[in-house]
Amino acid sequence: MTDTANRDGQSPAKALDADTVRRVAEGKHADRSRLRRFLRDHRPAVGSFVVLVVMLACFFVGNPEVFSQWNMYRAVLIGLPVVLFVVVPLVYVVTVGEIDLSFPATIGMAGWVFALVVQAGYDPFLGIIAAVLTGLVLGLCVGWLVVYANLSSLIATLGMNFMLRGLIQINTEGKSIALVGLPKTLTFQIFGGQFFGIPVQVLWAMLFVAICSFIYNRHRFGVHVHMVGDNPDAAQQMGINIKLVRLKTFAFVGLGAALAGVAAVMINYTWWPTSGDGYLLPALASVFVGGTAPWGGIGTIIGSAIGSFTVSFIQSGVVGAGLSGFYVQFFYGLIIILSLLGHRWNQVRYR
Amino acid sequence: MQNRIIELKDIKKSYGQVYALGGVDLHVDQGEVVGLVGDNGAGKSTLIKILAGAVRPTTGEILVRGEPVSNWNAGRSREAGIETVFQDRALAVQQTIIWNIFMGRELVGPLGFLKVRKQREEAERLMREIGFTSKVFGPSSIVGQLSGGERQGVAIARAMYNQSDLIILDEPTTALSLTETAKVFHFVRQARAAGRSILFIGHNIHHVFDISDRFVVLDRGRVALQATKAELGSAEALVRFMEELAHPGGAGVQSTGGTV
Ligand SMILES: Nc1ncnc2c1ncn2[C@@H]1O[C@H](COP(=O)(O)OP(=O)(O)OP(=O)(O)O)[C@@H](O)[C@H]1O
Ligand SMILES: [Mg+2]
């Protein structure tokens with residue numbers, strides 16, 4: 001190999017310098033440019049970013065006046081954290097090869113616990129802790145059903161979603177809880193206020209995305225999630241406790257849903273018995289629009305966070321562009337299909 | 001018996017009504033190469049999966065360095081110094097070579113975060129050491145892009161990383177070219193010289209005979225023969241024994257000339 005390369009290097013063409021020869025020998029010829037390496041390593045995330053930019057450009061061309069106003073984007077940012085808190089853990093669950101449809105009810109349950117604690121006069125911080133514990137317990141229950149009772153995650157989590165929502169309805173009889181005093185508390189200032197016109201929740205959600213992305217790509221747990229989703233038999237044979245890894249991802253969805261539940265209450269200082277229901281399909285769509293593979297083993301947290309923004313923007317965007325609300329669903333579908341087509345071409349499924 | 005690495009006593013494994021293993025005894029001592037042979041479906045892979053902790057035996061006892069073990073599983077097996085190249089390779093094909101080499105024993109800091117640079121360097125060193133290098137792939141290539149033989153190389157590299165006491169190779173050379181096969185045999189001899197043990201499964205009796213010190217023949221879930229190289233004398237003796245097993249009475253004599 002080296003001989004041939006040297007001969008080439010000495011040929012009149014002088015096409016190959018020593019560095020190139022070494023790179024080719026080490027299999028790095030494709031990595032020469034930093035930018036190209038970045039694009040190759042983050043293809044799905046870059047893809048979902050392109051989708052977002054193209055969509056924003058279309059809206060902007062459609063109605064430049066409306067879409068150059070910050071308020072347009074602020075409106076989307078207010079609702080975004082709720083989505084991000086569930087989309088990120090959902091990427092983990094999808095990567096591990098499962099699905100969780102119970103998070104809307106967990107959002108409702110955890111928000112309810114939060115509202116009850118605050119209504120009873122305790123500090124909202126205690127409410128957040130109680131909500132998180134609720135979410136974790138519910139996530140563990142769902143995870144147990146799937147992992148240890150061996151139910152299909154699609155059906156079992158759907159069942160849990162109905163059952164938990166039913167429990168809420170039975171107990172509250174449809175009555176909401178308004179928390180008038182909430183905005184005055186210090187906890188609310190920290191977690192739900194405004195910061196130079198940006199809802200503070202967005203910053204917390206972005207921190208959450210960053211940490212979870214790092215864990216997903218650089219922590220042992222994240223690696224195990226990839227391995228179990230890719231080849232559970234191999235993971236088990238190599239000594240990974242695959243049941244525990246699966247259980248943890250479901251608990252993680254519970255945790256994320258709890259944060260989402262609290263975030264949802266903080267938007268309007270009110271908890272509704274339907275809280276969380278509207279997020280089921282947009283959150284799921286965001287995961288896949290963002291470039292996470294539906295078959296497990298690979299995914300991207302950053303991409304799915306970008307996908308969340310795309311999906312959240314559609315509704316405001318369509319109305320802002322001057323179209324009637326009847327177009328919203330059509331555009332949801334269009335963006336989802338186009339994104340999936342794009343990623344399909346982007347991601348190869350190795351077997 | 002201080003140099004007995006592992007011992008299986010009366011291992012039985014049933015899948016429903018079928019007994020894949022019906023009471024097998026097997027042991028491996030330090031520094032020896034044991035050749036495990038038998039027909040397709042004889043139970044070889046089942047037996048080594050039990051050793052590797054990937055499959056639980058229905059009944060039976062496992063002793064590691066003389067001590068009986070409880071709750072034997074894949075993690076414990078690796079902790080005890082046993083590495084396995086499974087017949088199906090056990091690779092995560094959508095992940096990089098590095099991640100596959102360190103699957104289940106990632107190099108991490110105190111908080112569990114990967115030592116990315118260290119893993120990369122170690123993987124590069126390992127691949128260089130065992131001559132598993134190429135101009136088309138590097139340590140961060142995706143395993144799914146590799147050929148069958150190259151994937152096998154990843155599985156073998158993974159088993160070699162830890163300098164473990166016992167390496168189990170379940171048909172490690174089936175997809176390999178002649179030179180790659182020679183590399184595997186070279187490695188086996190090297191490991192043996194370093195005082196490590198090998199459990200080698202193969203269908204090429206001549207290869208297995210060449211490389212092993214002791215032989216175990218499995219037949220329909222039972223040990224049909226245990227013999228050392230000296231006791232057997234030649235590969236032909238082993239071939240004849242196995243043919244006699246497959247076609248009791250005479251048939252072996254007839255086909256001996258053709259096979260040897
Ligand atoms: N998971 C399983 N479920 C049911 N039966 C099984 C299972 N695994 C193995 N068996 C049965 O156990 C028997 C032994 O299989 P095993 O894989 O151990 O054979 P082997 O000796 O490795 O064969 P080969 O040389 O073809 O690899 C076979 O009859 C097989 O059908
Ligand atoms: Mg086998």
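So you know, we letter chains A, B, ... as the sequences are listed, proteins then strands, and number each from 1. Please read these numbers as outputs of a predicted model, since none were measured by experiment.
- Heavy atoms closer than 4.5 Å to chain A are found nowhere in B:L107, neither backbone nor side chain.
- If you measure heavy-atom distances from A:H226 to chain B, the contacts under 4.5 Å come from both the backbone and the side chain.
- Atom-to-atom distance recorded for A:R220:CZ and B:L111:CG is 10.5 Å, nearest 0.5 angstrom.
- For B:R128, no part lies under 4.5 angstrom from a heavy atom of chain A.
- Only the backbone of A:N217 comes within contact range of chain B, with heavy atoms under 4.5 Å apart.
- Remark: B:H203 NE2 is packed, more than 12 non-hydrogen atoms of other residues, nucleotides or ligands lying under 6.0 Å away.
- Checking side-chain atoms of B:R78 against main-chain N and O of A:M238 turns up a donor-acceptor pair under 3.5 Å.
- Atom CZ of A:F208 sits in a crowded spot, with more than 12 heavy atoms from other residues, nucleotides or ligands closer than 6.0 Å.
- By number of non-hydrogen pairs under 4.5 angstrom with chain A, the leading residue of B:R105, B:E106, B:K49, B:Q94 is B:Q94.
- Under a cut-off of 6.0 angstrom, the local environment of CZ in B:F185 is crowded, with over 12 non-hydrogen atoms contributed by other residues, nucleotides or ligands.
- Residue B:L178 places its CG atom among 12 or fewer non-hydrogen atoms of other residues, nucleotides or ligands, all under 6.0 Å distant.
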Worked verdict on A:N231 versus B:L91 for side-chain contact (heavy atoms from CB on, under 4.5 Å) = CA-CA 7 Å; A:N231 187 345; B:L91 296 170; 5.6 Å; no
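- When each of B:S77, B:G53, B:G112 is checked for heavy-atom pairs under 4.5 Å with chain A, B:G112 comes out on top.
- For the pair A:D230 and B:Q95, the tightest heavy-atom approach, listed with the atom from each and the gap, is OD2-NE2, 2.9 Å.
- For B:R76, no part lies under 4.5 angstrom from a heavy atom of chain A.
- Using a 4.5 Å heavy-atom cutoff, the side chains of B:F102 and A:V223 are not in contact.
- Between B:A90 and A:Q237, the closest heavy-atom pair is CB-OE1, 3.2 Å.
- Between the CZ atom of A:R218 and the CZ atom of B:F113 there is a distance of 10.5 Å, given to the nearest 0.5 Å.
- Counting heavy atoms of neighbouring residues, nucleotides and ligands inside a 6.0 Å radius, atom CH2 of A:W295 exceeds 12 of them.
- When each of B:V108, B:V93, B:V143, B:T84 is scored by its heavy-atom pairs under 4.5 Å with chain A, the top score falls to B:V93.
- Taking CG of A:D233 as the reference point, atom CG of B:D88 lies at 7.0 Å (rounded to 0.5 Å).
- The parts of B:Q145 that come within reach of chain A are both its backbone and its side chain, each placing non-hydrogen atoms under 4.5 angstrom from that chain.
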task = Report the C-alpha separation of A:I240 and B:M103 in whole Å, then their side-chain angles, then the decisive distance to 0.1 Å, and conclude whether the side-chain contact (heavy atoms from CB on, under 4.5 Å) test is met.
result = CA-CA 8 Å; A:I240 296 172; B:M103 194 197 295; 4.1 Å; yes
